[in-house]
Colleague: 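Have a look at this one before I ask anything.
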Amino acid sequence: MAHSDRRDLGLLALRVGTGAVLAAHGTQKLLGWFGGGGIEGTTHAMEAMGFHPGREAAVAAGLGEAGGGVLLALGLATPAAGAAAAGAMAGAVAVHAPAGFFATAGGYEYPAFLGFTAAALGITGAGRFSLDHVTGHVLDRPWVVATAFVGAALAATVVVGRRADRQSAPPADDEPDPADTP
């Protein structure tokens, strides 16, 4: 088997595996599949994690994961898919960061790995065994890569920054101070 065939098969395996994991995770948020909370449960979870408005955060995270995952698996619009999934994982990393690196302690190891893998696929491209290849790479141009990753980075920076600002702000007068509860 030629080197280029092995590379394209490797990209296919990596895309399908990573895309399937992301899609499953996102459908937990969006549809409640695989034991997930669906939009309502995810909305409450997002609010508890400091993302406001919670419903919009739930939809954005779910679409970034499920949509990005499906598109990665198919190898379609790979730069946008990788950027969307990486952006969604940046939010998850921010949530898990206080627990440290390792997932066994609740850390950010797993979402960081998914985010870096999705980003690498978005930058590298889907390979020959993909819908991007079939469509002549119409949605896999250098300007798409740049636009997708700059947009995802800006969006993730704003969302994660607003969450950090909310968490560092003192509680409002109508909210009980968590330090005052037993």
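Because the structure is predicted, anything quoted here is derived from the model rather than measured.
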Colleague: If you group Ile, Leu, Val, Met, Phe, Trp and Tyr by side-chain heavy-atom gaps below 4.5 Å, do L121 and L71 land in one group?
Modeller: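 L121 does not cluster with L71.
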Colleague: Measuring only between side-chain heavy atoms, which start at C-beta, is M89 closer than 4.5 Å to L22?
Modeller: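 Yes, side chains in contact.
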Colleague: Please round to the nearest 0.5 Å and tell me the distance separating atom NZ of K29 and atom CD of E65.
Modeller: 3.5 Å
Colleague: How long is the gap from CD on Q167 to CZ on R162, to the nearest 0.5 Å?
Modeller: 13.5 Å
Colleague: So, for V70 and A23, which heavy atoms are closest and what is the spacing to 0.1 Å?
Modeller: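 In this case the closest contact between V70 and A23 is CG2-CB, 4.0 Å.
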Colleague: Does V160 sit in a hydrophobic cluster with other residues, and if so which ones, taking ILVMFWY side chains as linked at heavy-atom separations under 4.5 Å, directly or through other members?
Modeller: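 Noted: V160 shares its cluster with no other residue.
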Colleague: Applying side chain to side chain contact (heavy atoms under 4.5 Å, CB included), can you list everything that pairs with A126, at least two apart in sequence or on another chain?
Modeller: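 With neighbours one apart ignored, the set is R15, T78, S130, D132.
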Colleague: Do you know which two heavy atoms are closest between A73 and V16, and how far apart they sit?
Modeller: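 Answer, listing the atom of A73 first, then V16: O-CG2, 3.8 Å.
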Colleague: Using the side chain to side chain donor-acceptor pair (under 3.5 Å) criterion, which residues pair with Q28? Sequence neighbours excluded.
Modeller: H25
Colleague: Write out all pairs satisfying side-chain hydrogen bond (donor to acceptor under 3.5 Å, both in side chains) with one or both partners inside residues 113-123, taking only residues at least two apart or from two chains.
Modeller: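 Listed by first then second residue: nothing to list.
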Colleague: Tell me every residue that passes salt bridge (Lys or Arg N to Asp or Glu O under 4.0 Å) with R55, counting only those two or more places apart in sequence or in another chain.
Modeller: E40
Colleague: Are L139 and L74 co-members of a hydrophobic cluster defined by side-chain heavy atoms under 4.5 Å apart?
Modeller: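 In one cluster with L74: L139, yes.
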Colleague: Between H3, H133, R128, which is the residue that forms a side-chain contact (heavy atoms from CB on, under 4.5 Å) with D8?
Modeller: R128
Colleague: What heavy-atom pair brings P111 and H96 nearest, and what distance separates the two atoms?
Modeller: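 Closest approach of P111 to H96: CG-CD2, 4.1 Å.
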Colleague: How far apart are the closest heavy atoms of G107 and A99, and which atoms are they?
Modeller: N-CB, 3.8 Å
Colleague: Could you give all pairs that pass the ring pair (Phe, Tyr, Trp, His ring centres under 6.0 Å) test and reach residues 110-129, with sequence neighbours left out?
Modeller: none
Colleague: Can you sort out the partners of E56 under side chain to side chain donor-acceptor pair (under 3.5 Å), two or more places apart, ordered by chain and number?
Modeller: none
Colleague: Do V159 and Y108 belong to the same hydrophobic cluster, where Ile, Leu, Val, Met, Phe, Trp and Tyr are linked whenever their side-chain heavy atoms lie under 4.5 Å apart, directly or via other members?
Modeller: no
Colleague: Any donor-acceptor pair under 3.5 Å linking the side chain of E109 with the backbone of A103?
Modeller: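 Confirmed, E109 side chain pairs with A103 backbone.
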Colleague: Okay, side chain of S168, backbone of D165: is any donor-acceptor separation there less than 3.5 Å?
Modeller: yes
Colleague: Do V95 and F51 touch side chain to side chain, with heavy atoms closer than 4.5 Å?
Modeller: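 Yes, at least one pair of side-chain atoms sits under 4.5 Å.
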Colleague: What's the separation between atom CG in L14 and atom OG1 in T124, rounded to the nearest 0.5 Å?
Modeller: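 Nearest 0.5 Å value for the CG-OG1 distance: 9.0 Å.
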Colleague: When Ile, Leu, Val, Met, Phe, Trp and Tyr are grouped by side-chain heavy atoms lying under 4.5 Å apart, directly or through other members, which residues fall in the same group as L63?
Modeller: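 L30, L31, W33, F34, I39, V59, all in the cluster of L63.
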Colleague: What residues, two or more places apart in sequence or in another chain, satisfy side chain to side chain contact (heavy atoms under 4.5 Å, CB included) together with A119?
Modeller: A86, F149
Colleague: Applying side chain to side chain contact (heavy atoms under 4.5 Å, CB included), can you list everything that pairs with A45, at least two apart in sequence or on another chain?
Modeller: M49
Colleague: So, using side chain to side chain contact (heavy atoms under 4.5 Å, CB included) as the criterion, who are the partners of A156 when residues are at least two apart?
Modeller: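 Only A90 meet the side chain to side chain contact (heavy atoms under 4.5 Å, CB included) criterion with A156.
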Colleague: So which atom in M46 and which in A61 form the shortest heavy-atom distance, rounded to 0.1 Å?
Modeller: CE-CB, 3.4 Å
Colleague: Considering non-hydrogen atoms only, spot the tightest contact between A152 and A83 and give its length.
Modeller: CB-O, 3.4 Å
Colleague: For H137, what residues pass the side chain to side chain donor-acceptor pair (under 3.5 Å) criterion, not counting sequence neighbours?
Modeller: D140
